Enquirer: 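Mind looking over this structure? Questions follow.
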Amino acid sequence: IDGHMESAFRLLRLMEGEGLAADQYTCNSLLHALCKDGKTDEACSFFDGLEDRGIRPNSVTFNTLIDGLCKAGKVDVARTFLEKMISACCAPDSYTYSPFIEHLCKTKGWQEGLSFIDEMLQKDVKPSTVNYTIVIDKLFKSRNYGLATRMWGQMVSLGCSPDLVTYTTSVHAYCNEGRLDGAENVVMEMKKSGVTIDAMAYNTLMDGYASVGQIDHAVTILKHMTSVASMPN
RNA sequence: GACUAGGCGGCG
């Protein structure tokens, strides 16, 4: 759909003209396209039109719209859809909360983000690695390393293992402190736990070495990247 | 069912 919204919606009308009904997946994709373009008003109208199409919104539908609204800064509107979601018997899940956590961390600080993790726990929605990674990243970036470490522990104790992104935020944090030894330790941990290191992760480490003046190390990583076919960006 | 959330850097 990217870059071809007009055509996509034209096709939708064409389909419907032929008596072919779009399904949930199709509508969710279109909704996502609108949200990605920041067209939240249109997204909301499209959402409202779903019932007339005989489409029942599912949790992906709500999650997509909530994400679009949060990214557009319309958190209050997003909240109303969270309510609607519940009254429509769509159980909010970890995807539902991420956009709130992300946006609130960004605008009101990590405390607000953490409050949403608490809300999830209270409502018996199991937080995911992604939910924790968002707050941990924000904590790292505001240099709250103690609390970040505690949240990391809480994440693991809930059965959520750190993934590629979680580890990368940690590498980034060490690099920001000029602690390349720590960054290397994290990389070793990644390898030990079988996480495949991607271009962004290598790039983070490379930048870390460069920013501390160790260009030779940076070049070594760059060579390694090309040798394992992880295209630098 | 290839539908939804998080990480680095550059450009705008």
Side-chain angles (χ1 to χ4, degrees), chain A residues 1-2 8 12 22-36 40 43 46-47 50 55-72 75 78 81-82 85 90-106 110 113-114 116-117 120 125-142 148 151-152 155 160-176 180 183 186-187 190 195-212 218 221-222 225 230-233:
Chain A
I1 297 180
D2 314 317
L12 176 65
D23 68 355
Q24 276 183 332
Y25 279 58
T26 307
C27 290
N28 288 343
S29 299
L30 290 165
L31 186 67
H32 188 217
L34 289 171
C35 287
K36 217 172 37 179
T40 51
F46 186 67
F47 178 91
L50 288 180
I55 301 287
R56 177 189 303 281
N58 61 10
S59 45
V60 174
T61 318
F62 280 102
N63 291 346
T64 302
L65 188 54
I66 285 172
D67 180 49
L69 288 166
C70 284
K71 287 196 166 90
V75 192
F81 278 97
L82 177 56
M85 188 175 185
C90 271
D93 57 16
S94 57
Y95 283 80
T96 314
Y97 286 91
S98 283
F100 288 109
I101 298 172
E102 169 85 33
H103 185 81
L104 291 176
C105 278
K106 204 173 293 176
W110 51 265
L114 278 185
F116 260 89
I117 298 261
M120 293 179 77
V125 180
K126 191 179 180 290
S128 68
T129 297
V130 173
N131 297 141
Y132 277 101
T133 299
I134 296 169
V135 286
I136 289 171
D137 182 45
K138 295 302 178 180
L139 287 168
F140 278 150
K141 285 179 172 136
S142 52
M151 296 310 293
W152 189 295
M155 171 180 77
C160 300
S161 307
D163 66 7
L164 170 65
V165 176
T166 321
Y167 282 121
T168 304
T169 63
S170 179
V171 170
H172 192 229
Y174 277 112
C175 287
N176 271 344
L180 275 300
V186 176
V187 171
M190 291 169 85
V195 172
T196 304
I197 302 168
D198 71 356
M200 273 194 220
Y202 278 123
N203 207 31
T204 304
L205 188 60
M206 210 174 72
D207 250 61
Y209 276 114
S211 71
V212 95
I221 294 165
L222 185 58
M225 285 174 78
S230 202
M231 293 312 287
N233 55 18

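Naming: A, B, ... by sequence-line order, numbering from 1 per chain. When reading the values below, keep in mind they use all heavy atoms of this one structure, side chains included, and skip hydrogens, waters and symmetry mates. Computed from a predicted structure; not experimentally measured.
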Enquirer: I'd like to know if the side chain of A:Thr61 pairs up with that of A:Asn58 as donor and acceptor (distance under 3.5 Å, no hydrogens or angles considered).
Expert: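 Short answer, yes.
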Enquirer: Atom pairs, N/O to N/O, protein against nucleotides 10-12 of chain B, distance under 3.5 Å?
Expert:
none

Enquirer: Among side-chain atoms of A:Thr26 and A:Asp23, is any donor-acceptor pair under 3.5 angstrom?
Expert: yes
Enquirer: What string of B, S and - do you get for nucleotides 1-8 of chain B, 5' to 3', if B is base contact, S is sugar-phosphate-only contact and - is no contact with any protein heavy atom under 4.0 Å?
Expert: B-BBBBBB
Enquirer: Taking only residues two or more places apart in sequence or in another chain, which ones pass side chain to side chain donor-acceptor pair (under 3.5 Å) with A:Ser170?
Expert: none
Enquirer: Over all heavy atoms of both residues, which pair between A:Cys90 and A:Pro57 is shortest? Give the atoms and the distance, please.
Expert: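 Result for this residue pair: SG-O, 3.7 Å.
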Enquirer: Got a sec, which residues hit side chain to side chain contact (heavy atoms under 4.5 Å, CB included) with A:Ser128, two or more places apart in sequence or on another chain?
Expert: A:Ser94, A:Val130, A:Asn131
Enquirer: In chain order, what residues pass the ring-ring contact (aromatic ring centres under 6.0 Å, His included) check against A:Tyr209, with sequence neighbours excluded?
Expert: A:His217
Enquirer: What pairs meet the salt bridge (Lys or Arg N to Asp or Glu O under 4.0 Å) rule with one or both residues in residues 125-137 of chain A, with sequence neighbours excluded?
Expert: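 For residues 125-137 of chain A, and leaving out neighbouring residues, the salt bridge (Lys or Arg N to Asp or Glu O under 4.0 Å) pairs sorted by first residue read A:Asp137-A:Lys141.
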